[in-house]
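Ligands are counted one by one from 1 in listed order, and the atoms in each one are counted from 1 as well.
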Amino acid sequence: MKIRQVTVTPVAFHDPALLNAVGVHEPYALRSIIQLHCEDGVVGLGESYGDDAFLALLEAAAEAVTGLDVFHLGLIEQAVSRAVGSGAFADSHGLTGGSSSSKTVLSVFSAFEVACLDAQGKSVGRPVADLLGGAVRDRVPFSAYLFYKWAAHPGGEEDEWGAALDPDGIVRQARRMIDRYGFGAVKLKGGVFPPEEEIEAIRALRAAFPDLPLRLDPNAAWTVPTSLKVAAELEGVLEYLEDPTAGIEGMAEVARQAPMPLATNMCVVAPEHLAPGLKQQAIGVLLSDHHYWGGLRHSQQVSALCATFGVGLSMHSNSHLGISLAAMVQLAAATQHLSYACDTHWPWKREDEDVIVPGALAFSGGAVALPTGPGLGVELDQDALARQHRLYLDCGQRRRDDTAYMQRLHPGYQPHTPGW
Ligand code: GKR
Ligand code: MG
């Protein structure tokens with residue numbers, strides 16, 4: 001089934017003022033929506049990053065895959081690789097680790113691979129999970145993803161979550177998120193305040209939710225000695241500590257003494273990191289992410305490696321819409337080795353903003369049920385796509401740069417990586 005035409009549509013949606021180690025989220029999150037218009041009238045859907053440099057790569061790849069068969073994923077990957085060349089796309093926030101040409105090719109390919117799998121599934125009448133070996137679970141558990149945050153973007157209206165700048169604010173946010181979505185695990189995005197304050201927030205969460213697994217992710221804002229100190233203080237409290245410090249060597253040094261497993265979506269983020277990361281035993285948990293690991297099939301290969309080498313598996317997230325959530329759910333449902341509840345930024349998105357027809361994906365008891373329809377199980381809402389594209393055109397933002405935005409608001413601000 002040949003690809004007749006590819007459409008790449010940049011979209012924007014409102015994003016709250018979420019704080020992290022390198023600044024603050026800008027008022028809009030940007031994404032790209034990929035439509036593969038195939039023979040037989042089937043349309044395959046994909047979603048990925050919306051930064052302008054990434055959009056240019058998607059456009060180049062779109063031309064290269066036109067005319068190819070959605071079942072020939074190897075040839076499509078080769079075509080994407082040729083179109084992308086040896087350049088490396090680097091996101092401006094750096095929170096998914098370094099950039100490389102292999103990671104760039106895999107990131108661009110991922111958007112097309114997911115869309116091809118959606119088209120394949122729609123054409124044979126089976127969910128994508130079936131194309132990945134079949135679901136081993138029909139509900140995918142997610143964690144509550146807490147952020148320190150401002151009540152509003154400067155000059156904007158207060159959002160429904162309000163401010164969270166201390167342990168009480170974080171516990172309030174967690175309660176609200178858990179009441180609404182039923183999450184059974186909690187992650188706090190750290191690297192914002194000095195580690196002692198973030199330890200206090202974790203202790204407050206432990207007191208408020210004695211039975212829930214907790215995680216802390218400072219995005220490599222700490223030195224090795226600070227990481228070891230925090231790890232010792234939170235012994236028996238965290239199920240894992242995520243990216244306390246930078247690089248495979250630093251993480252390995254912390255891992256040798258930390259009482260809990262270390263997780264990463266920063267130091268092992270491309271194929272070339274797997275051998276050194278595993279050899280140096282730098283990580284106990286990999287947060288995989290199909291958006292940069294080369295799509296759903298390559299992510300399954302990475303998960304098999306993790307299983308072989310005794311490394312746990314969780315899933316990383318960035319601000320995303322429903323096509324990405326559907327892909328995450330299909331992949332997680334078909335991944336035997338998934339050992340932890342997955343991350344998602346979903347609660348931070350307004351319910352009235354998306355590009356898919358509502359109803360196919362719903363959270364209950366902290367999990368999303370595998371959609372029943374063919375392919376990804378979601379349908380594109382063309383009016384909603386046009387609305388979010390209009391917002392993209394009007395908002396003027398063309399990439400995500402948390403540091404530049406923070407520096408516009410607070411000129412002396414410096415990222416905290418590594419800050420403490
Ligand atoms: O959204 O600010 C954020 C996160 O910090 C994100 O960009 C990270 O990539 O969620 C991610 C993480 O777990 O490091
Ligand atoms: Mg992380």
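- Under the 3.5 Å distance criterion, the side-chain polar atoms of Q397 are matched with a main-chain donor or acceptor of Y28.
- The Mg ion (ligand 2) sits nearest to atom OD2 when only the N, O or S atoms of D217 are considered.
- Ion pairing between a basic and an acidic side chain is recognised when a charged N comes within 4.0 Å of a carboxylate O; R400 and D15 show no such pairing.
- Under the 4.0 Å criterion applied to side-chain N and carboxylate O atoms, R399 and D401 are not assigned as salt-bridge partners.
- Among protein residues, N20, H25, L95, T96, Y145, F147, K187, K189, D217, N219, E242, N265, H316, S317, N318, H345, R400 come within 4.0 Å of ligand 1, judged on heavy atoms.
- Between Y49 and Y292, the ring center distance fails the sub-6.0 Å criterion.
- Taking 2.8 Å as the threshold, M266 does not count as a candidate ligand of the Mg ion (ligand 2), since none of its N, O or S atoms lies below it.
- Looking only at distances, no side-chain donor or acceptor of S107 sits under 3.5 Å from a matching main-chain atom of W293.
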Item to complete: Walk me through it: do D91 and T96 pass the test side chain to side chain donor-acceptor pair (under 3.5 Å)?
Response: CA-CA 8 Å; D91 48 39; T96 58; 2.9 Å; yes
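- With salt bridges taken as basic N to acidic carboxylate O contacts below 4.0 Å, one links R180 and E160.
- Considering just the N/O/S atoms of E242, the one nearest the Mg ion (ligand 2) carries the name OE2.
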